[in-house]
Protein chains: 2
Amino acid sequence: MYRIDFNDFFTSAFSVDCILFGYSEGEIKALLIKRAMQPFENLWAIPGDLIYPDEDLEQAAERVLFELTGLNNIAMHQSQTFGKPNRHPQGRVITISYFALLRIEDFEVKASSWAGDVQWVSLKNMPDLAFDHNHILSSTYEMLKLKLQNEPICFDILPERFTLNEFQQLFEFAFDQAFDKANFRKKIKNIPLIAHDEKQQNVKHRPAKLFSFDMMAYAEGIEQNRYTFKM
Amino acid sequence: MYRIDFNDFFTSAFSVDCILFGYSEGEIKALLIKRAMQPFENLWAIPGDLIYPDEDLEQAAERVLFELTGLNNIAMHQSQTFGKPNRHPQGRVITISYFALLRIEDFEVKASSWAGDVQWVSLKNMPDLAFDHNHILSSTYEMLKLKLQNEPICFDILPERFTLNEFQQLFEFAFDQAFDKANFRKKIKNIPLIAHDEKQQNVKHRPAKLFSFDMMAYAEGIEQNRYTFKM
DNA sequence: TAAATTATTGTCCAAATTACAATAATTAGA
DNA sequence: TCTAATTATTGTAATTTGGACAATAATTTA
């Protein structure tokens, strides 16, 4: 096991591909780049890069995110690893897909050195992408939905204090369907939230109460095995 | 993107680690090997191997399985990828974990060239393993449970025709808890099964009816988005 | 033919889900 | 200040699901 012979394996490389999901105009979108170089020059692709030799996988994913968006402190979540021998025309490149959910309006996208153009593209209107990126994108969207239902990753994207409607809208966006307000509130009643006295500001109607995720209570519940996150 | 410079990346290698889950004596066990070489010589470890340059990931995982057990035609499922820069003392090795559920009594384990000993070890009594293998094992067990609940992978392991009790026992084994027979049958009532006239043979009591998974009906239901597998 | 054993189905009650209605709090404007 | 408009929040009733447990059915063994 692990009979490392570098001569046999030196033609391999690892990359991360980062699927950044966002929401605007009623649609789920992914941030894509237009490739500025061969192969697949001028085709749209998922942003990604090779992983540096001394770099952790998640760190590489966050670096790609930062180069494109300037955003820091956004947790990237691992989805799946894709490694068909011929998926990259220039050599063996095994790629690990990561994803994050972003609020599109929170930042301005910058074209990076390896991208000619950058754009939010609706999942419903996806062109043919470079490499096996259509496959990676759809698998990762499925993983996003699975993780949203089984891990509290929704709180990565919500502001520290949020309204229950914002909470609901996040799920509506990810699953691309509307939920009943009253029923949604019943569904989340076992997720530990802290209700604050503070209220929503600058709205033209009754302001909603602000909540935050009770990380401590959640961790304790998980620790003691008397709770599993389920949506 | 994908600026491949082999000089920068040649010290990397990929491996697969294969977690083979089995059940006997009322316990969930994983097949472990005793390492016959450095590093971590004589420590127990998850079986794994480097991925050959022209080999698909899943193919590599199935090769490791075959070398250990002689078993073919068992689907391996991808779990997660682990790649901390220093997880392998001899170089950068990113490892992709795969798992399968096996019936322990169906085969005889053979020690392979890279293993001094092979043994089924209960998850409840797990020693310190080589590398980050304790972490990989527990993450992969969680992934097994998640996938069992969200994808029809249970039918990989069940015989083509199975009794409802065998079906139930598989879940009892994976989740390490007993379920009520009547209630389990209600729960699976939306999973498309074909009921055969055939019955269980050679049992000392009323034989159970045999069922098989209706793959066609399942695929159609998924295709049309009018169904999601949920347990 | 009866006892033993397990398969299969049914029942009752509690809990969760769904659809929808009612009430509360706030803003904007008359 | 008062009222309409708007959204937040809570409630209710019907339906569906889930859990505990009982009843019945089909076999084998003696």
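In what follows, chains are A, B, ... by sequence order, proteins preceding strands, each numbered from 1.
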State which residues pass side-chain contact (heavy atoms from CB on, under 4.5 Å) with [X]; sequence neighbours excluded, sorted by chain then number.
{"X": "Gln201(B)", "answer": "none"}
{"X": "Gln169(A)", "answer": "Asn165(A), Glu172(A)"}
{"X": "Leu43(B)", "answer": "Phe40(B), Ala130(B)"}

Practice problem: Classify the ring geometry between Phe184(A) and Phe171(A) as parallel (under 30°), tilted (30 to 60°) or perpendicular (over 60°). | Solution: tilted
Self-check item: Interatomic distance, Lys29(A) atom NZ to Ser122(A) atom OG [nearest 0.5 angstrom]
Solution: 6.5 Å
Quiz prompt | Results of ring pair (Phe, Tyr, Trp, His ring centres under 6.0 Å) for Tyr227(A) - residues two or more places apart only | solution = Tyr218(A)
Self-check item: Results of ring pair (Phe, Tyr, Trp, His ring centres under 6.0 Å) for Tyr98(A) - residues two or more places apart only
Solution: none
Once you round it to whole Å, what is the distance between [atom2] of [N] and [atom1] of [X]?
{"X": "Asp180(A)", "N": "dT12(D)", "atom1": "CG", "atom2": "P", "answer": "16 Å"}
{"X": "His196(B)", "N": "dT8(C)", "atom1": "NE2", "atom2": "P", "answer": "14 Å"}
{"X": "Arg185(A)", "N": "dT7(D)", "atom1": "CZ", "atom2": "P", "answer": "14 Å"}
{"X": "Lys199(A)", "N": "dT6(D)", "atom1": "NZ", "atom2": "P", "answer": "21 Å"}
{"X": "Asn190(B)", "N": "dT16(D)", "atom1": "CG", "atom2": "C1'", "answer": "13 Å"}

Practice problem: Return the angle between end axes of the helix from dT1(C)-dA30(D) to dA30(C)-dT1(D), with five pairs used per end and rounding to 10°. | Solution: 0°
Quiz item: With respect to Thr81(A), which candidate in Thr81(B), Thr95(B), Val16(B) satisfies the side-chain contact (heavy atoms from CB on, under 4.5 Å) definition?
Solution: Thr81(B)
Self-check item: Positions of residues 160-174 of chain A (non-hydrogen atom under 4.0 Å from DNA chain D), listed by number
Solution: Asn165(A)
Self-check item: Pair listing, salt bridge (Lys or Arg N to Asp or Glu O under 4.0 Å) test, anchored in residues 112-124 of chain B, at least two apart
Solution: Lys124(B)-Asp176(B)
Quiz item: Does anything in residues 202-211 of chain B reach DNA chain C, meaning a heavy atom under 4.0 Å, and if so which residues?
Solution: His205(B), Arg206(B), Ala208(B), Lys209(B)
Self-check item: Lys NZ or Arg CZ of Lys110(B) over Phe66(B) ring: under 6.0 Å, within 45°
Solution: yes
Distance-only donor-acceptor hits, side chain of residues 152-162 of chain A, under 3.5 Å, sequence neighbours excluded:
unit_1    : atom_1 : unit_2    : atom_2 : d
Asp156(A) : OD2    : His77(A)  : NE2    : 2.5
Arg161(A) : NH1    : His196(A) : ND1    : 3.4
Arg161(A) : NH1    : Glu198(A) : OE1    : 2.6
Arg161(A) : NH2    : His196(A) : ND1    : 3.3

Quiz item: Under the salt bridge (Lys or Arg N to Asp or Glu O under 4.0 Å) test, which residues partner Glu58(A), sequence neighbours left out?
Solution: none
Quiz item: Are the aromatic rings of Phe211(B) and Phe167(B) close, with centres under 6.0 Å apart?
Solution: no
Exercise. If a protein heavy atom is under 4.0 Å from the base, mark B; if only from the sugar-phosphate, S; if neither, -; do that for nucleotides 12-18 of chain C going 5' to 3'.
Key: ------B
